[in-house]
Amino acid sequence: MKLARTIHFDESDRNVFHFAARTGEWAISGGFEFSDWSEADLKGKNRQAFSNGWLGLDTFGRATFVAVTQIEQSELESLTERLAQYFVDMYGAPSLEAALPVAQQEMEHALDLCVDHDPNTLIAVSRELTEAGVNEQFRTIKSEDADIAQFAIHGSLDD
């Protein structure tokens, strides 16, 4: 099985999100958090989280990029329970038992996103509000296609 882990190429996530995920956290798209948002909610760091933030499952912070990697069944079960507890704590789900099927669906969606990709494939998410709700699109960069120039800031230290 494969799932995504957050990855950082620089410190920008700390600046653009209210709360940045730590490097290496297991992650899901987390688009459910925006299901009742409107254009009025899309300002500043909220807009950035909505537009392209993955949800880390340790800190529940956001990250811009994730990388596909192997996950063990026991880790997946633990993450699913953690997400279900998050639904209870943050969204008022009536119980862990009631939240567990929804958490399982979210985790299955995340697994489906990663299943056909090689390890270390990078994935970015982009979202938009539509009349039907939140539309998510995913873009991948295969590890052999990744070039540091895609992420590096070029300049001179001589200035």
Side-chain angles (χ1 to χ4, degrees), residues 1-37 41-42 45-129 132-146 151:
M1 278 185 303
K2 291 181 257 182
L3 192 65
R5 284 191 185 263
T6 59
I7 188 168
H8 296 98
F9 298 103
D10 59 27
E11 298 297 316
S12 62
D13 282 355
R14 290 184 181 193
N15 298 320
V16 299
F17 298 124
H18 286 292
F19 189 67
R22 289 190 312 257
T23 300
E25 286 186 52
W26 293 109
I28 60 174
S29 70
F32 62 84
E33 290 200 314
F34 311 110
S35 62
D36 63 347
W37 282 32
D41 296 305
L42 300 179
K45 292 183 178 188
N46 284 345
R47 176 177 283 285
Q48 190 68 25
F50 171 81
S51 295
N52 65 2
W54 291 85
L55 182 66
L57 294 175
D58 287 337
T59 62
F60 295 99
R62 293 283 171 172
T64 303
F65 291 102
V66 294
V68 175
T69 190
Q70 295 290 335
I71 186 168
E72 298 297 322
Q73 182 64 38
S74 60
E75 290 176 290
L76 180 63
E77 291 168 5
S78 176
L79 290 172
T80 303
E81 289 179 16
R82 180 188 308 247
L83 183 58
Q85 187 63 54
Y86 183 69
F87 291 156
V88 171
D89 296 343
M90 294 300 295
Y91 294 99
S95 68
L96 191 60
E97 295 75 26
L100 202 53
V102 179
Q104 288 168 333
Q105 286 179 332
E106 287 293 327
M107 297 307 293
E108 287 171 16
H109 174 65
L111 291 168
D112 287 346
L113 285 172
C114 297
V115 70
D116 293 330
H117 300 295
D118 293 330
N120 299 318
T121 298
L122 300 179
I123 307 175
V125 62
S126 62
R127 294 185 191 88
E128 63 180 353
L129 283 179
V134 176
N135 179 36
E136 289 185 317
Q137 295 181 348
F138 301 92
R139 180 174 54 99
T140 60
I141 303 169
K142 292 185 180 198
S143 58
E144 65 269 10
D145 295 339
F151 308 104

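All values below were derived from every heavy atom in this structure, side-chain atoms included, with hydrogens, water molecules and symmetry-related copies excluded.
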Steps toward side chain to side chain contact (heavy atoms under 4.5 Å, CB included) verdict (Thr140, Val68): CA-CA 10 Å; Thr140 60; Val68 175; over 6 Å; no
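- Looking at heavy atoms from C-beta onward, Phe60 lies out of side-chain contact with Asp89 at the 4.5 angstrom threshold.
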Stepwise, does the side chain to side chain contact (heavy atoms under 4.5 Å, CB included) test hold for Val134 with Phe32? CA-CA 8 Å; Val134 176; Phe32 62 84; over 6 Å; no
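- The closest side-chain heavy-atom distance from Val115 to Lys2 is not below 4.5 Å.
- A distance of 6.0 Å or more separates the ring centres of Trp54 and Phe17.
- Two residues are said to be in side-chain contact when any heavy atoms from C-beta on lie closer than 4.5 Å; Leu57 and Tyr86 fail this criterion.
- Proximity of Leu55 to Arg62: side-chain heavy atoms (C-beta onward) are separated by under 4.5 Å at one or more points.
- Residues Asp58 and Arg82 meet the side-chain proximity criterion, which asks for heavy atoms closer than 4.5 Å.
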N/O donor to acceptor pairs below 3.5 angstrom from side-chain atoms of residues 100-108, sequence neighbours left out:
none

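- For the residue pair Ala67 and Ile7, the shortest heavy atom distance occurs at N-CG2, 4.2 Å.
- At a cut-off of 3.5 Å, with distance as the only test, a side-chain donor of Gln73 or Glu77 sits close to an acceptor on the other residue.
- Of all the heavy atoms in Arg22 and Thr59, the pair that sits closest is NH1-CG2, 3.1 Å.
- No more than 12 heavy atoms of other residues, nucleotides or ligands sit less than 6.0 Å from atom CD of Glu72.
- Every residue two or more places apart in sequence or in another chain was checked for a side chain to side chain donor-acceptor pair (under 3.5 Å) with Ser51, and none qualifies.
- Cys114 and Ala4 get closest at one heavy-atom pair: SG-N, 3.6 Å.
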Decide yes or no on side chain to side chain contact (heavy atoms under 4.5 Å, CB included) for His18 and Asn46, but give the supporting numbers first. CA-CA 8 Å; His18 286 292; Asn46 284 345; 3.2 Å; yes
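- Scanning all heavy atoms of the two residues, the minimum distance from Glu33 to Asp36 falls at O-OD1, 4.3 Å.
- Met1 CE to Ile71 CD1: the interatomic distance, rounded to the nearest 0.5 Å, is 6.5 Å.
- In this structure, the side chains of Leu129 and Phe50 come closer than 4.5 Å at one or more pairs of heavy atoms.
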Please assess Ile28 against Leu79 for the test side chain to side chain contact (heavy atoms under 4.5 Å, CB included), listing each intermediate value before the final yes or no. CA-CA 10 Å; Ile28 60 174; Leu79 290 172; over 6 Å; no
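- Counted by atom type alone, Thr64 and Asp13 present one or more donor-acceptor pairs between their side chains at under 3.5 Å.
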